[in-house]
Amino acid sequence: MKATVITYGCQMNEYDTHLVESQLVSLGLDLVDTIDAADFVLVNTCAVRGKPVDKVRSLLGDLRRQKHERGLVVGMMGCLAQLEEGQQIARKFEVDVLLGPGSLLDIGAALESNQRFWGLQFKDELHEHIPPAPQGKLQAHLTIMRGCDHHCTYCIVPTTRGPQVSRTPASILKELDGLLAAGVQEVTLLGQNVNAYGFDQGAKIAGIPSFADLLRGVGRSGIRRIKFTTSHPMNFTEDVAIAMSETPAVCEFVHLPVQSGSNRVLRRMAREYTREKYLSHIADIKKHLPGVVLATDIIVGFPGETEEDFQHTLDLYDEVGYDSAYMFIYSARPGTPSYQHFTDLPREIKTERLQRLIVKQKEWSQKKNASKVGSIQEVLLRGNAHAEGFLEGHSRGNHPVVVPKALGADTAGVYPVRIGHATPHMLYGAVLGSNGEALPELPRLTPEAAAVSSPLSMV
Ligand code: 5AD
Ligand code: SF4
């Protein structure tokens, strides 16, 4: 049997896709790249906003046709699968296998059962499960915890992924050993709220280090680069910034979602911090990590957000000076408190505010990226860029970077790159020659060739 997994959503989902793919391989299935080549298509879903749900709905419609035409077996996993909304969609589109985020290891039982199989339980065995290292990749994700104990009023994740469970350092370090042996150079530690690592349901777990100490421990493993996501301002502590500054492998990059710059909106979101508290974290980060690259998430048009509230978000943006931001229009998700209790703002107000925020983000990203022109960045080049003759990758600060091939590098790897040109979404450069000097010619991309999709603004 040939299988493919289609992934929507966040890096957690990418990690879970890898985990399930490795299960499929150990069950004897062959992984293929396209739906057409597959007998079993598993859709890894996201439920955080309405848009990804719509995408899943339309894909499943297509897959149902193929189910009738050629006997395709269809599966659904991930956050949407855990929700009543997702299960209704699954019934409508005649999904054969449905696995919530806690039931991924049931995939074998599901395929063996030969009838409709729905797994919705949170199984303990998942937490310490170590998937085999990805082969031939320089970058990997490593989940250090699952679930979330916060209850932001807009967010469906605590419902879909359950309460927080931290993994033991022993299993994290064992998984890391496997990644190192497979040649991985950059690991991204994943959790809904990595700063709360070791504090499940608010209680410190004996024998589990703080997140700062975990960073130090991972730093000692010999891995070249460490990133992590996501931090929650409620649980962020200065010792994390200190550990970052003292651990050379940890990249100078912090993604600290603020969601709004207005205390009134933050309260209604139940974010459990104020604008002032947030800014004090940013000050700590800048103090210990000069030159740090800062990213955030912002929701515009939360119910009840006034023009004045929105102005507070815009001026917070200026106060922090973010390098990049993921910007979202508020999406009322059934099952969340804000869906139940608040009235959604008109679409026009939300989109108009998003447009203004995007203008601000572009200005800042252009300014920040332009300041990198002339600098040397350590870039992990993943492989071919969309434009032929170019490689793409990421800096330690998580900037997407594109370089021409055959100027010191024609394969994936970690290289020093002299930056020659910047746009709000991309740095362009050339790999330094082995003598440490920049290569003189820096071929410029045409705008068409440079049109690599921007990861920065998601509506
Ligand atoms: N509407 C819009 N954006 C949302 N996010 C989470 N829930 C919603 C929602 N209901 C955004 C937050 C979070 C990111 C992962 O998705 O900004 O940080
Ligand atoms: Fe949602 Fe808040 Fe948990 Fe993030 S920390 S997943 S925003 S509830």
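None of the values given here were measured: they were computed from a predicted structure. Remember, it's 1-based here, ligands and their atoms both numbered in the order they're listed. Hydrogens, waters and symmetry mates are skipped; everything else that's a heavy atom, side chains included, is used.
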**Message:** Taking only non-hydrogen atoms of Ile329, do any sit less than 4.0 angstrom from ligand 1?
**Reply:** yes

**Asked** Any nitrogen or oxygen of Tyr330, main chain or side chain, under 3.5 Å from a nitrogen or oxygen of ligand 1?
**Response** no

**Item:** Set of salt bridge (Lys or Arg N to Asp or Glu O under 4.0 Å) partners for Lys367, sequence neighbours left out
**Value:** none

**Fill in**
Note: ligand 1 atoms sitting under 4.0 Å from heavy atoms of Val48 are 6 (C), 7 (N), 8 (C), 9 (C), 10 (N)

**Item:** Pair Thr7-Asn13, side-chain donor/acceptor within less than 3.5 Å
**Value:** no

**Asked** Between Ile299 and ligand 1, which part of the residue brings a heavy atom under 4.0 Å of the ligand: side chain, backbone, both or neither?
**Response** side chain

**Request:** Give a yes or no on whether the ring-centroid distance for Tyr278 and Phe236 is below 6.0 angstrom.
**Result:** no

**Item:** For Gln259, the ligand 1 atoms whose distance to one of its heavy atoms is below 4.0 Å
**Value:** 12 (C), 13 (C), 17 (O), 18 (O)

**Asked** Would you say the side-chain atoms of Thr423 and Tyr428 include a donor-acceptor pair closer than 3.5 Å?
**Response** no

**Asked** For ligand 1, which atoms, with element, lie under 4.0 Å from some heavy atom of Ser331?
**Response** 1 (N), 2 (C), 9 (C), 10 (N)

**Request:** Report yes or no: do Ser365 and Ser324 form a side-chain donor-acceptor pair below 3.5 Å?
**Result:** no

**Asked** Taking N or O atoms only and a 3.5 Å limit, does Arg333 qualify as a polar contact for ligand 1?
**Response** no

**Asked** With atoms numbered from 1 as shown, which atoms in ligand 1 lie under 4.0 angstrom from a non-hydrogen atom of Arg49?
**Response** 1 (N), 2 (C), 3 (N), 4 (C), 5 (N), 11 (C), 16 (O)

**Complete:** Applying side chain to side chain donor-acceptor pair (under 3.5 Å) to Gln185 and not counting sequence neighbours gives none

**Request:** Give the contacting part of Tyr154 toward ligand 1: side chain, backbone, both or neither, where contact means a heavy-atom distance below 4.0 Å.
**Result:** both

**Asked** Would the His399 and His394 ring centres measure less than 6.0 Å apart?
**Response** no

